Peer 1: 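What follows is a single structure, and I will ask about it in a moment.
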Amino acid sequence: MGKFYITTAIAYTSRKPHIGNTYEIILTDAIARFRRLMGDDVFFLTGTDEHGQKIEELAKEAGIEPKAYVDGVSGQIKDIWNLMNTSYDKFIRTTDDYHEKQVQKIFKKLYDQGDIYKSEYEGAYCVPCESFFTPSQLVDGKCPDCGREVKNAKEEAYFFKMSKYQDRLMKHIEENPDFISPESRRKEMVNNFLKPGLQDLCVSRSTFKWGVPVEFDEKHIVYVWIDALSNYITALGFDTENSSELYKKYWPADVHIIGKDILRFHTIYWPIILMALGEPLPKKIFGHPWLLNGDSKMSKSLGNVIYADDLARHFGVDAVRYYVLREMPFAQDGTITYETLISRFNADLANTLGNLVNRTVAMSNKYFDGVVENTGVADDLDKEVIDCAIDTKNQVISKMEEFKVADSLELIINLARRLNKYIDETMPWALAKEEDKLPRLKTVLYNLTEGIRYLGVLLSSFMPETSDKIFAQINAEYKTIESLDEFGKTASGAKVGEATPLFARIDEEKKLKEITEEIEKAKKEAEKNAKKEESKEEEKFEEITIDDFCKVQMKVGEVLECKPVEGAKKLLVSQIKIGDEVRQIVSGIAMAYTPEEMVGKKVVVITNLKPCKLRGVLSEGMILAAGEGDKISLVTPDDLGIESGAEVR
């Protein structure tokens, strides 16, 4: 029995994970469960990444402290991981004290040995990806990873000497061709990043506070690469001075399971950090593809997000696990829609697997009071079925060595199809009508029961609840992978349980209508809540004195740019020139003015209003207008050549 250490990427605590995010934990769980089935001593790690500028901003928008914000989202993530019946051994949070202490020690060690130095960074920065980019790395002026807008940033920072270890990493990848998998991902990393040459990596930030402080320079916090990536060793008890026995037992990791979008961080940054620490590299980094909604990546802004808990409520946990594992190819993106899920559910789970188990157990109870007996009355059909069962077991083991989970499930369902065909070929209902054919009928039902036992064992890593239900219905005694080496472990004379449907066929039209109504109801509720929030954000005025009014500073401004505020029907955000400065102001005028109509207008602006955020967008003043709803008129100066910046009295 060998050790097997497997990890997921730790989930970022910005928001609730959708089914595309959840796919990774289900995939990793299936692999971990299969290795346990094979007899390995498995340690399965997952967790949450909880620091960074984006978290700090989201917490501020929510009006709470960052720790309270990540506590809520991390708990939500853990709840979904548990709902999906994942068997992780440890759930790490990067806000855990032991992790933060080791991150500080790792940073100090790398600094002391000259791998980290202080300098200054100036360039394009993507907040969601927490990444800096050079102008040549941008795509159409936007982030090359997520396609969002970037902003120019300049700050003092510590840098890691990536180039120092570049040749050593290249040599390791060349000597270990399975280090990065699939092969297409390895070629991408080598050709796009290593061969062009590595730039030194920014590993600290000083413009926000939510992170692990650099122990010897508390103006800085440790940046995500050293903080988040180190979780794979800190979770085991790594220490720069004296690591735990758990670390010594399980490190290096046998495989990091990660999404293809964070491959660079795990195949270049992480191995180089480990090299600098003098620690062994993980044996394999597997970059899985994305699960798309139709043809598009899931995005809240696109409104095409599907959540795992909603799917589980409609279809059951094991059906969701089966679908995402079955539909995700090894190297290409997979897809999910409610229509395709229902189709796969009915075809594979209800018609093929569920029908097979139900028919077999029901016939055993009907014809022989549930007793299964091998009378040895066999022919060539029986040998075909037996060979198919044993061959399926061998092929599944082979495919799972390569993490080809979808191929493994296809093999298992094909065995179920072969057993259904065996029923059609032997026609038990016809055999039951003739007394002299009853011994043959007993053998047929025995073979079917034994074949179903194979299905139960092989499905246990992918659909654990369904596997247990199958074992209960056939009263299976042998449930190990070793018990599949020989067909016939079910004791002759054993008795099956009661036939209970595993999966009830879904009426597609009815289910889609139910889901659509649910989505519409949720959308209306969200809009209702958004309106409440919007009304809270609108300024409320009280009666004031002339002295109060004299405190208000008003100037003429000229609108240079204007666009809608995402997710807010009433709000526009304008860039307004006021004398020598340009301010960003959010106004509730979208029902009366289009962004195009606003550009070039002279408006009256309150300039000494305290800045605030409306729908998460900074507003540095207020435009004066009269009216409400779609009957709004801006307060504008007469066209007397009055320049922007002129005071309004």
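Remember, it's a predicted structure, so these values are computed and weren't measured experimentally. Computation of the quantities below employed the complete heavy-atom set of this structure, encompassing side-chain atoms and omitting hydrogens, waters and symmetry-equivalent molecules.
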Peer 1: Given Phe265, which of Tyr223, Phe193, Trp225 fulfils the ring-ring contact (aromatic ring centres under 6.0 Å, His included) condition?
Peer 2: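 Testing each of Tyr223, Phe193, Trp225 against Phe265, the sole residue satisfying ring-ring contact (aromatic ring centres under 6.0 Å, His included) is Trp225.
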
Peer 1: Does a donor on one side chain and an acceptor on the other come within less than 3.5 Å for Glu373 and Ser492?
Peer 2: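 Their side chains do not contain a donor-acceptor pair, so the 3.5 Å distance test is not met.
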
Peer 1: Answer yes if the ring centres of Phe179 and His172 are under 6.0 angstrom apart, and no otherwise.
Peer 2: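 Phe179 vs His172: aromatic centres under 6.0 Å.
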
Peer 1: The criterion is side-chain contact (heavy atoms from CB on, under 4.5 Å); which residues satisfy it with Ala32, sequence neighbours excluded?
Peer 2: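 With neighbours one apart ignored, the set is Ile6, Arg36, Val42, Phe44.
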
Peer 1: Can you name the side-chain contact (heavy atoms from CB on, under 4.5 Å) partners of Lys283, sequence neighbours left out?
Peer 2: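 Only Lys3, Pro252, Asp254 meet the side-chain contact (heavy atoms from CB on, under 4.5 Å) criterion with Lys283.
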
Peer 1: Examine the side chains of Glu50 and His99 and answer whether a donor and an acceptor come within less than 3.5 Å of each other.
Peer 2: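 Judged by distance alone, the side chains do not pair up.
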
Peer 1: Within the side chain of Thr86, is there an N or O that forms a donor-acceptor pair under 3.5 Å with the backbone of Trp81?
Peer 2: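 Yes, Thr86 side chain to Trp81 backbone: donor-acceptor pair under 3.5 Å.
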
Peer 1: For Glu465, which residues count as a salt bridge (Lys or Arg N to Asp or Glu O under 4.0 Å) partner, sequence neighbours excluded?
Peer 2: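 Residues passing salt bridge (Lys or Arg N to Asp or Glu O under 4.0 Å) with Glu465: none at all.
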
Peer 1: Between Arg418 and Glu425, is there a side-chain N and carboxylate O pair less than 4.0 Å apart?
Peer 2: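 Yes, Arg418 and Glu425 are salt-bridged.
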
Peer 1: Could you check whether Glu508 pairs with Lys511 (Lys NZ or Arg NE/NH1/NH2 to Asp/Glu carboxylate O, under 4.0 Å)?
Peer 2: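 No, no charged N to carboxylate O under 4.0 Å.
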
Peer 1: I'd like to know if Asp41 pairs up with Arg35 as an ion pair, taking the criterion as any Lys NZ or Arg NE/NH1/NH2 lying under 4.0 Å from an Asp or Glu carboxylate oxygen.
Peer 2: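 The answer is no: the pair does not qualify as a salt bridge.
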
Peer 1: For the residue pair Asp239 and Gln102, confirm or rule out a side-chain donor-acceptor distance under 3.5 Å.
Peer 2: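 Yes - a donor-acceptor pair under 3.5 Å links their side chains.
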
Peer 1: Between Arg453 and Ser483, is there a side-chain donor-acceptor contact under 3.5 Å, judged purely by atom types and distance?
Peer 2: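 The criterion, which ignores hydrogens and geometry beyond distance, is satisfied for Arg453 and Ser483.
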
Peer 1: A cation-pi test, strictly: NZ or CZ of Lys90 under 6.0 Å from the centre of the six-membered ring of Phe43 and no more than 45 degrees from its axis. Yes or no?
Peer 2: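 Geometry flag: not set, cation outside 6.0 Å or 45°.
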
Peer 1: Are His256 and Phe286 close enough, and set up right, to give a ring-ring contact (aromatic ring centres under 6.0 Å, His included), and what steps lead you there?
Peer 2: CA-CA 6 Å; His256 292 318; Phe286 179 74; over 10 Å; no

Peer 1: Do other residues, nucleotides or ligands put more than 12 heavy atoms under 6.0 Å from the NZ atom of Lys495?
Peer 2: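 Result for NZ/Lys495: open.
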
Peer 1: Could you tell me whether Lys67 atom NZ has more than 12 heavy atoms of other residues or ligands within 6.0 Å of it?
Peer 2: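 Check passes, neighbour count above 12.
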
Peer 1: Nearest 0.5 Å, what's the CZ-NE2 distance between Arg185 and His266?
Peer 2: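 Answer for the CZ-NE2 pair, Arg185 versus His266, is 14.0 Å.
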
Peer 1: To the nearest 0.5 Å, how far apart are CD1 in Ile515 and CD1 in Ile342?
Peer 2: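 Taking CD1 in Ile515 and CD1 in Ile342, the distance rounds to 5.0 Å.
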
Peer 1: Does the side chain of Asn231 come under 3.5 Å of the side chain of Arg93 through a donor N or O and an acceptor N or O?
Peer 2: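 There is no such pair between these side chains.
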
Peer 1: Classify the side-chain pair Ser343/Thr340 by whether it contains a donor and acceptor separated by less than 3.5 Å.
Peer 2: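 Distance-only check fails for Ser343 and Thr340.
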
Peer 1: Applying side chain to side chain donor-acceptor pair (under 3.5 Å), which residue pairs with at least one partner in residues 347-358 are found, sequence neighbours left out?
Peer 2: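 Passing the test, one end in residues 347-358: Tyr322-Asp348, Arg344-Asp348, Asp348-Arg417, Asn351-Arg505.
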
Peer 1: According to salt bridge (charged side-chain N to carboxylate O under 4.0 Å, His left out), does anything in residues 18-32 pair up with another residue at least two apart or in another chain? List the pairs.
Peer 2: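 Checked against salt bridge (charged side-chain N to carboxylate O under 4.0 Å, His left out) - neighbours excluded - the pairs reaching residues 18-32 are Asp29-Arg33, Asp29-Arg321.
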
Peer 1: Identify whether the distance between the nearest side-chain nitrogen and carboxylate oxygen of Lys383 and Asp387 falls below 4.0 Å.
Peer 2: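 Looking at Lys383 and Asp387, the cut-off is met.
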
Peer 1: Give me each pair satisfying ring-ring contact (aromatic ring centres under 6.0 Å, His included) with a member in residues 462-499, each pair once, sequence neighbours excluded.
Peer 2: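 Qualifying pairs: Tyr454-Phe487.
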
Peer 1: How are the rings of Phe345 and Phe503 set to each other: parallel, tilted or perpendicular (split at 30° and 60°)?
Peer 2: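 Perpendicular.
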
Peer 1: Ser460 and Ser467: side-chain donor and acceptor closer than 3.5 Å?
Peer 2: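 The answer is no; no qualifying pair exists.
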
